[in-house]
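First up is the structure itself, then whatever we jot down about it.
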Amino acid sequence: MSVVVWIVEGTWPACVDAARAHAPAGADVVLLHVTPAEVSGVAHGAFAGLLGRGHPERDPGTRIEHFAATSAQELLRSAADRLGRPCTRRERSGRVEREVVAAAEGCDLLILARDGDRSHLGPRSLGPASRFVVDHAPCPVLLVWPEPSPDLSTMPPPPPRP
């Protein structure tokens, strides 16, 4: 069995705990972190267009890429330590939702956490990237609450009957 665990700042512990609880002992577990390419791209573009012609050594986009890579490595190391068993750590960069879906191709389970409004039950508890992943995942998905779920009283009332 192969399991991909999407590691995101703020919600990753719940995903790792779900992998420990639901992935069989012999499963191949991949801890996946995706760094959005837009942030460093904007910094590169702003620098090239406004400030940096002829001085590539001052490009802040390069520093942002370095900080993002270091942060991702630390996050994946913490997740692997919490998992407490052999796993593969994978860092990708690009459009986050598309990279997660691509990484899940051919796996048996994808684990991710809710990342939207977690004060209520319902569809708004998923942010846009997670909604895309849930809708397009090429495998079964285990969707976890990163903290205890809200109680049933937070569910919207049913629509009126005609």
Side-chain angles (χ1 to χ4, degrees), residues 1-45 61-152 154-156:
M1 174 176 217
S2 61
V3 178
V4 173
V5 183
W6 184 14
I7 302 300
V8 177
E9 293 82 355
T11 61
W12 68 267
C15 294
V16 171
D17 292 347
R20 287 185 8 217
H22 298 288
D28 293 323
V29 177
V30 174
L31 302 176
L32 172 70
H33 181 271
V34 181
T35 300
E38 297 87 22
V39 175
S40 62
V42 168
H44 283 304
T62 304
R63 287 193 299 269
I64 290 172
E65 288 170 352
H66 173 72
F67 292 138
T70 301
S71 175
Q73 290 168 2
E74 291 174 10
L75 191 61
L76 288 168
R77 183 175 48 251
S78 296
D81 289 346
R82 186 176 183 110
L83 183 63
R85 65 191 218 193
C87 63
T88 301
R89 292 181 254 181
R90 187 167 296 142
E91 169 62 23
R92 295 176 83 147
S93 178
R95 293 206 42 167
V96 175
E97 63 277 9
R98 293 188 177 273
E99 291 296 326
V100 173
V101 169
E105 184 175 19
C107 78
D108 299 301
L109 181 64
L110 171 63
I111 301 174
L112 66 137
R114 294 175 183 273
D115 63 347
D117 177 4
R118 297 189 304 263
S119 64
H120 299 86
L121 296 172
R124 291 196 177 117
S125 65
L126 292 176
S130 294
R131 169 56 56 197
F132 184 94
V133 170
V134 167
D135 289 345
H136 295 88
C139 63
V141 173
L142 175 57
L143 181 60
V144 299
W145 287 91
E147 62 274 320
S149 64
D151 62 45
L152 292 177
T154 66
M155 193 167 32

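What you see is a predicted model, and the numbers here were worked out from it, not measured in a lab.
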message: W12 vs L76, test: side chain to side chain contact (heavy atoms under 4.5 Å, CB included). Steps then yes/no.
response: CA-CA 9 Å; W12 68 267; L76 288 168; over 6 Å; no
Quick one: closest heavy-atom pair of [X] and [Y], and the distance?
{"X": "V144", "Y": "A18", "value": "CG1-CB, 3.7 Å"}
{"X": "H136", "Y": "V101", "value": "O-CG1, 3.6 Å"}
{"X": "A104", "Y": "V4", "value": "CA-CG2, 4.4 Å"}
{"X": "A14", "Y": "P146", "value": "CB-CA, 3.5 Å"}

message: If you count every heavy atom of other residues, nucleotides or ligands that lies below 6.0 Å from E147 atom CD, does the total exceed 12?
response: yes
task: Enter the distance from R114:CZ to C15:SG here, rounded to the nearest 0.5 Å.
output: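 Reported value, rounded in 0.5 Å steps: 11.5 Å.
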Is there a side-chain contact between [X] and [Y] in this structure, where contact means two heavy atoms from C-beta onward sitting under 4.5 Å apart?
{"X": "T11", "Y": "R118", "result": "yes"}
{"X": "V16", "Y": "I7", "result": "yes"}
{"X": "D28", "Y": "M1", "result": "no"}
{"X": "C139", "Y": "L109", "result": "no"}
{"X": "V96", "Y": "W6", "result": "yes"}
{"X": "P123", "Y": "R131", "result": "yes"}
{"X": "V133", "Y": "L110", "result": "yes"}
{"X": "V30", "Y": "V5", "result": "no"}

field: Test applied, side chain to side chain contact (heavy atoms under 4.5 Å, CB included); reference residue, V34; option that passes from R92, R95, R90
entry: R92
Can you give me every donor-acceptor pair (side chain of residues 81-89, partner residue at least two apart or in another chain, under 3.5 Å) with its distance?
residue: R82; atom: NE; partner: D17; partner atom: OD1; Å: 2.8
residue: R82; atom: NH2; partner: D17; partner atom: OD1; Å: 3.4
residue: R82; atom: NH2; partner: D17; partner atom: OD2; Å: 2.8
residue: R85; atom: NH1; partner: A23; partner atom: O; Å: 3.3
residue: R85; atom: NH2; partner: A23; partner atom: O; Å: 3.4
residue: R85; atom: NH2; partner: P24; partner atom: O; Å: 2.9

- request: For S125 and G122, indicate whether the former's side chain and the latter's backbone hold a donor-acceptor pair under 3.5 Å.
  value: yes
field: Side chain D108, main chain V3, donor-acceptor under 3.5 Å
entry: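 No.
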task: Take E91 and T35 through the test side chain to side chain contact (heavy atoms under 4.5 Å, CB included) and record every step on the way to the result.
output: CA-CA 8 Å; E91 169 62 23; T35 300; 2.4 Å; yes
query: Checking side chain to side chain contact (heavy atoms under 4.5 Å, CB included) for the pair L121/W145: CA distance, chi angles, key distance, verdict?
result: CA-CA 10 Å; L121 296 172; W145 287 91; 3.6 Å; yes
query: V100 and L112: side chain to side chain contact (heavy atoms under 4.5 Å, CB included), yes or no, with the steps?
result: CA-CA 10 Å; V100 173; L112 66 137; over 6 Å; no
field: Summary of ring pair (Phe, Tyr, Trp, His ring centres under 6.0 Å) pairs that have at least one residue in residues 91-122, sequence neighbours excluded
entry: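 Qualifying pairs: none.
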Passing option when H33 is tested against Q73, E9, E99 for side-chain hydrogen bond (donor to acceptor under 3.5 Å, both in side chains): E9
- line: Sorted by chain and residue number, the salt bridge (charged side-chain N to carboxylate O under 4.0 Å, His left out) partners of R98 (sequence neighbours excluded) come out as none
